[in-house]
Amino acid sequence: MAEDIATKLQNYRTAPFDARFPNQNQTRNCFYNYLDYHRCQKSLDAKGVDTAPCDWYKRVYKSLCPISWIQKWDDQREEGTFPGKI
């Protein structure tokens with residue numbers, strides 16, 4: 001399975017279609033992939049497992065989200081004021 005994930009990450013170009021977000025506006029897709037990445041990190045870190053599978057979410061949100069949003073959310077997480085549930 002790790003090889004499949006590594007292959008997908010290597011061939012990754014941009015965010016693929018996600019049926020949860022069929023509309024043109026991808027703001028929600030951006031936010032949910034950011035949340036999914038940090039939830040995945042938290043979950044796998046707690047289990048003591050390699051967090052490489054989480055990199056998929058990171059690449060997706062980095063391709064969809066403006067950098068200023070990511071920086072703002074990272075700052076909010078550090079301050080404990082992030083509105084999402086991670």
Side-chain angles (χ1 to χ4, degrees):
M1 180 169 169
E3 293 175 5
D4 293 338
I5 293 170
T7 303
K8 285 182 179 181
L9 286 173
Q10 186 177 19
N11 295 332
Y12 180 83
R13 295 292 176 249
T14 188
F17 175 75
D18 189 340
R20 298 177 298 168
F21 311 104
N23 300 323
Q24 186 173 1
N25 186 342
Q26 293 296 299
T27 303
R28 185 170 285 137
N29 190 356
C30 156
F31 183 71
Y32 279 104
N33 275 289
Y34 182 85
L35 286 178
D36 289 343
Y37 170 72
H38 289 288
R39 287 176 183 156
C40 180
Q41 287 280 103
K42 183 178 178 181
S43 172
L44 295 182
D45 280 342
K47 294 177 184 176
V49 181
D50 181 30
T51 59
C54 302
D55 290 343
W56 174 258
Y57 297 114
K58 184 175 184 176
R59 294 185 107 178
V60 171
Y61 85 71
K62 288 224 177 226
S63 72
L64 292 173
C65 303
I67 295 170
S68 61
W69 291 5
I70 296 169
Q71 290 172 343
K72 179 181 175 185
W73 294 336
D74 288 341
D75 292 343
Q76 287 176 337
R77 281 188 327 104
E78 289 174 9
E79 296 168 359
T81 61
F82 184 70
K85 183 177 178 186
I86 294 179

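What you see below is based on every heavy atom in this structure, not just the backbone, and it leaves out hydrogens, waters and symmetry mates. We count residues from 1, following the sequence as given.
Between Y34 and F82, the ring-plane angle classifies as tilted under the 30° and 60° cut-offs.
In the displayed structure, R77 atom CZ is contacted under 6.0 Å by more than 12 heavy atoms of other residues, nucleotides or ligands. Within 6.0 Å of the OH atom in Y37, the count of heavy atoms belonging to other residues, nucleotides or ligands exceeds 12.
In this structure, L44 is not a member of the same hydrophobic cluster as L35, with clusters built from ILVMFWY side-chain heavy atoms closer than 4.5 Å.
Atom CG of D55 sits about 7.0 Å away from atom CD of Q41, to the nearest 0.5 Å. Here the CG atom belonging to D75 is positioned 12.0 Å from the CD1 atom belonging to I70, to the nearest 0.5 angstrom. Going from atom SG of C40 over to atom CD1 of I86 covers 12.0 Å, rounded to the nearest 0.5 Å. Between atom CG of residue D74 and atom NE2 of residue H38 there is a gap of 5.5 Å, rounded to the nearest 0.5 Å. N29 CG to N25 CG: the interatomic distance, rounded to the nearest 0.5 Å, is 10.0 Å. In this structure, CG in D45 is found 7.5 Å from SG in C54, a value given to the nearest 0.5 Å.
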field: Audit row: F31, W69, ring pair (Phe, Tyr, Trp, His ring centres under 6.0 Å) steps and yes/no
entry: CA-CA 9 Å; F31 183 71; W69 291 5; 9.2 Å; no
task: Using the salt bridge (Lys or Arg N to Asp or Glu O under 4.0 Å) rule, take D36 and R39 through it: C-alpha gap first, then chi angles, then the decisive distance, then the call.
output: CA-CA 5 Å; D36 289 343; R39 287 176 183 156; 3.7 Å; yes
